[in-house]
Amino acid sequence: MKTIYYLFLLVLGCGFVSCYDDKSTYDTKDISNVELDVSGVPQTQYVAYLGKLHIDVPVKKDGNANHPDLEYKWEVELGSSTGLIEVLSNERVLDTIAAMPILASGYTLVLEVTDKVTTLKYYSTFSLVVESQFGEGIIVAHSRDGEMSDLSLIMDKDITKGFSGTERVVYNDIFSSKGEPLDDWIDNVTYTVSGATWSTYQNILWKAGRNGMFRADCRDYSVKGTDKIIPFVTEPYVSGHFYPAPQTTIMVVNNQVYQHLRQNDEIFIKPEVVSDLGGVQSNYVDNRVVAAATGDGVHSSGATIWYDSHVGRFGRFNGAFSQNKCALYSPSENNENFPFDPSAVPDKEAVAGGFMNGSSLVMVLKDKVSGEYSLYTFFTKNQNADLVNPTPSYLYAVSSSIKDLLDRSVSICFSTVDPIMYVATNREIHAVRLNIDGTISSSLKYTVTAGENISVLKFYAQGRYNVNSDDFDSDTEGLLTLPLNTKAVMMATQASDTEGYVYLIPQKDPGTGNLDAEKQVKYDGFGKISDITTQGR
């Protein structure tokens with residue numbers, strides 16, 4: 001520990017006097033002894049970004065602690081080239097929130113002690129390393145006032161590798177606490193990975209608001225530039241929706257589909273016009289609903305489908321990267337063995353879509369005239385497990401009882417490991433099983449706590465798992481074997497517009513869709529919840 005003492009000594013104008021001078025005639029005064037005891041204070045201080053920074057340096061004057069003659073100032077040098085300095089505190093004990101940007105190389109932190117009587121200053125310097133405290137977990141987009149959204153992060157022992165803390169909601173109202181409110185209502189939030197190479201990958205949160213798109217770095221939730229995210233949108237912006245997939249992220253804006261590849265970094269590009277089939281050109285995503293392949297530990301297809309209600313056809317991203325473009329299904333592609341013609345599905349509207357059972361894309365469509373529902377499924381792999389363009393596999397007719405369930409649904413999600421669709425009504429969760437004989441069945445699996453209503457239901461899978469973590473994560477095994485990965489559902493409920501909750505409900509009896517309410521975990525303290533997603537690291 002290096003302690004620097006600046007003592008300003010008065011030297012008589014006549015210079016040094018002879019050793020034989022009578023010094024008893026001079027006016028002399030002892031300088032008080034001020035001591036900064038840094039013996040028990042580490043020279044390098046480590047603190048989590050937005051965590052508590054606490055440093056206690058004992059200071060004495062003439063042997064007395066907390067002497068009234070002493071003043072204190074803690075400063076941090078934010079940039080050596082710019083000379084930018086921020087005062088953190090004027091108390092002896094530094095007790096503040098570390099809001100300076102993450103910096104592994106460390107900032108220079110200085111404690112300045114001033115003796116008001118002698119005006120002498122005493123200094124102690126430290127190296128301050130600011131690290132990210134945010135790991136994998138659940139991101140909650142919610143609002144305290146019903147107008148502006150904020151984010152909170154849940155980390156817990158079964159969903160965050162290495163987490164040993166007791167405060168499970170690690171940080172509430174991240175942007176407001178930083179003094180950087182978003183000033184928008186967030187409709188949809190999704191985690192993904194961005195970057196051209198393994199060494200440049202960043203963990204990113206995409207946020208779709210009512211007024212625009214936002215991109216944040218998961219290390220510190222700093223908002224990246226928003227002007228480049230959708231540079232190809234020429235129409236007035238209509239709130240979007242994100243869908244994560246391996247190697248890519250799909251976004252729907254103004255009912256048009258856009259794609260973000262990792263090497264694109266900050267921007268979403270609009271794919272080429274999908275097709276020109278007899279003069280028909282379209283790229284319209286009905287109700288913003290997309291079914292996108294997500295990670296299963298080995299699956300690397302960017303396959304995605306949607307329903308284009310303008311032309312009554314399914315559209316797709318081709319699964320193979322050599323054909324990574326949009327296309328409307330053509331009548332010439334129809335095979336007599338297909339259960340339905342994906343180029344002839346008129347007069348429908350999209351209700352839900354997702355990835356199911358490790359290899360199937362599912363779209364739930366409702367007939368605009370009869371109100372009847374049908375479930376259309378597409379394979380993304382052939383029998384040899386080779387990636388293929390999404391291929392029609394099964395068509396499921398919906399019984400009257402399940403139709404009633406879908407009519408009352410508030411949120412629908414799909415198990416990525418089983419042929420099960422979870423349907424949430426205001427107060428219940430039902431499991432709808434899609435059987436290989438073309439039939440479907442449903443059963444009640446969960447009833448929510450009295451006084452609460454379900455708003456969001458999603459199948460639980462770790463963030464990196466959803467974007468195919470084995471492509472870039474050196475600790476795949478440790479990350480993907482967290483206890484609840486692909487073995488639970490996560491749910492948001494509201495007791496009122498200002499009182500929201502998030503639940504993790506484990507599955508039991510694999511393959512049945514059964515949920516274990518006795519082992520559920522409840523997280524509270526949120527406002528009106530608009531979306532939840534898993535975050536990776």
Side-chain angles (χ1 to χ4, degrees), residues 134 136-156 159-160 167-178 181-191 205-211 213-214 216 218 221 239-244 288-289 352 354 408-413 422-429 446-463 466 484 488-506 515 517 520-535:
F134 306 120
E136 62 260 85
I138 299 174
I139 285 286
V140 184
H142 66 112
S143 175
R144 301 289 182 190
D145 59 8
E147 306 229 353
M148 290 195 307
S149 294
D150 213 325
L151 301 183
S152 294
L153 172 64
I154 301 171
M155 292 164 57
D156 208 347
I159 61 176
T160 307
E167 187 179 5
R168 296 179 301 187
V169 182
V170 174
Y171 214 84
N172 244 331
D173 302 334
I174 292 171
F175 291 106
S176 295
S177 297
K178 293 170 60 179
L182 287 174
D183 197 24
D184 201 353
W185 174 275
I186 300 302
D187 285 322
N188 179 248
V189 59
T190 291
Y191 161 82
L205 280 176
W206 297 105
K207 302 177 290 299
R210 289 173 177 167
N211 301 316
M213 299 288 182
F214 303 91
C218 295
Y221 299 101
S239 182
H241 207 95
F242 297 104
Y243 296 90
R288 303 185 305 176
V289 174
R408 296 184 292 116
S409 66
V410 297
S411 191
I412 297 173
C413 67
Y422 286 102
V423 180
T425 63
N426 280 331
R427 304 212 53 246
E428 298 174 341
I429 299 177
Y446 180 89
T447 301
V448 76
T449 301
E452 299 177 27
N453 289 308
I454 302 172
S455 57
V456 182
L457 182 70
K458 292 189 176 182
F459 188 69
Y460 181 79
Q462 294 297 122
N466 272 335
L484 295 182
V489 296
M490 53 184 182
M491 173 182 71
T493 69
Q494 296 292 148
S496 68
D497 283 346
T498 58
E499 189 177 359
Y501 304 96
V502 172
Y503 290 81
L504 266 177
I505 313 170
L515 299 175
Q520 71 181 9
V521 183
K522 181 178 182 179
Y523 306 97
D524 58 15
F526 309 108
K528 188 171 181 61
I529 299 172
S530 55
D531 199 16
I532 52 179
T533 192
T534 53
Q535 173 182 288

Looking at every heavy atom in both Ile529 and Ala492, which two are closest together, and how far apart are they?
CG2-CB, 3.8 Å
Run the side chain to side chain contact (heavy atoms under 4.5 Å, CB included) check on Met148 and Ile186 step by step: do they pass?
CA-CA 8 Å; Met148 290 195 307; Ile186 300 302; over 6 Å; no
When rounded to the nearest 0.5 angstrom, what is the spacing between OG in Ser149 and CZ in Phe175?
10.5 Å
Tell me whether the NZ or CZ atom of Lys522 lies within the 45° cone about the ring axis of Tyr501 and under 6.0 Å from its centre.
yes
Nearest 0.5 Å, what's the CE-CD1 distance between Met490 and Ile138?
5.5 Å
Do Arg427 and Ile454 come close enough that some side-chain heavy atom pair is under 4.5 Å?
no
Any chance you could lay out the side chain to side chain contact (heavy atoms under 4.5 Å, CB included) test for Thr190 and His241, step after step, and finish with the verdict?
CA-CA 9 Å; Thr190 291; His241 207 95; over 6 Å; no
Kindly indicate whether the side chain of Val502, heavy atoms from C-beta on, has any atom under 4.5 Å from the side chain of Ile532.
yes
Expected output: side-chain Gln535 to main-chain Tyr191 donor-acceptor under 3.5 Å
no
Would you mind checking if Asp184 and Arg210 are paired as a salt bridge, meaning a charged N to carboxylate O distance below 4.0 Å?
no
Partner of Arg144 under side-chain hydrogen bond (donor to acceptor under 3.5 Å, both in side chains), picked from Asp173, Asp150, Thr498, is Asp173
Parallel, tilted or perpendicular, judged at 30° and 60°: which one describes the rings of Phe134 and Tyr171?
perpendicular
Criterion side-chain hydrogen bond (donor to acceptor under 3.5 Å, both in side chains) on Glu452 and Tyr503, from CA distance to verdict:
CA-CA 12 Å; Glu452 299 177 27; Tyr503 290 81; 2.8 Å; yes
Heavy-atom side-chain proximity of Phe459 to Val489 below 4.5 angstrom:
yes
With a 3.5 Å cut-off and no angle check, do the side chains of Tyr446 and Gln520 form a donor-acceptor pair?
yes
I'd like to know if the side chain of His142 pairs up with that of Ser530 as donor and acceptor (distance under 3.5 Å, no hydrogens or angles considered).
no
Taking every non-hydrogen atom, the tightest pair across Asn188 and Gly240
CB-O, 4.3 Å
How close do Met155 and Glu136 get, heavy atom to heavy atom, and via which atoms?
CG-O, 3.7 Å
Between the OG1 atom in Thr534 and the CD1 atom in Ile139, the distance rounded to the nearest 0.5 Å is 10.0 Å
Taking C-beta and beyond as the side chain, do Trp185 and Lys528 meet within less than 4.5 Å on heavy atoms?
yes
Do Leu151 and Lys207 come close enough that some side-chain heavy atom pair is under 4.5 Å?
yes
Closer than 4.0 angstrom, basic N to acidic O: yes or no for Lys458 and Asp531?
yes
What is the distance from atom SG of Cys413 to atom CG of Leu457, rounded to the nearest 0.5 Å?
4.0 Å
Got Leu153 and Val169 here, is their nearest side-chain heavy-atom distance under 4.5 Å?
no
Got a second to check how far Ser411's OG is from Asn426's CG, nearest 0.5 Å?
11.5 Å
Are Ile429 and Met491 close enough that some pair of their side-chain heavy atoms sits under 4.5 Å apart?
yes
Heavy atoms of Ser409 and Val423 approach each other most closely as CB-CG1, 3.6 Å
Give, for atom CD1 of Ile174 and atom CG of Leu205, the distance between the pair rounded to the nearest 0.5 Å.
8.5 Å
Of Leu504, Ile505, Asp156, which meets side chain to side chain contact (heavy atoms under 4.5 Å, CB included) against Leu484?
Leu504
Less than 4.5 Å apart, any side-chain heavy atom of Phe214 and any of Val189?
no
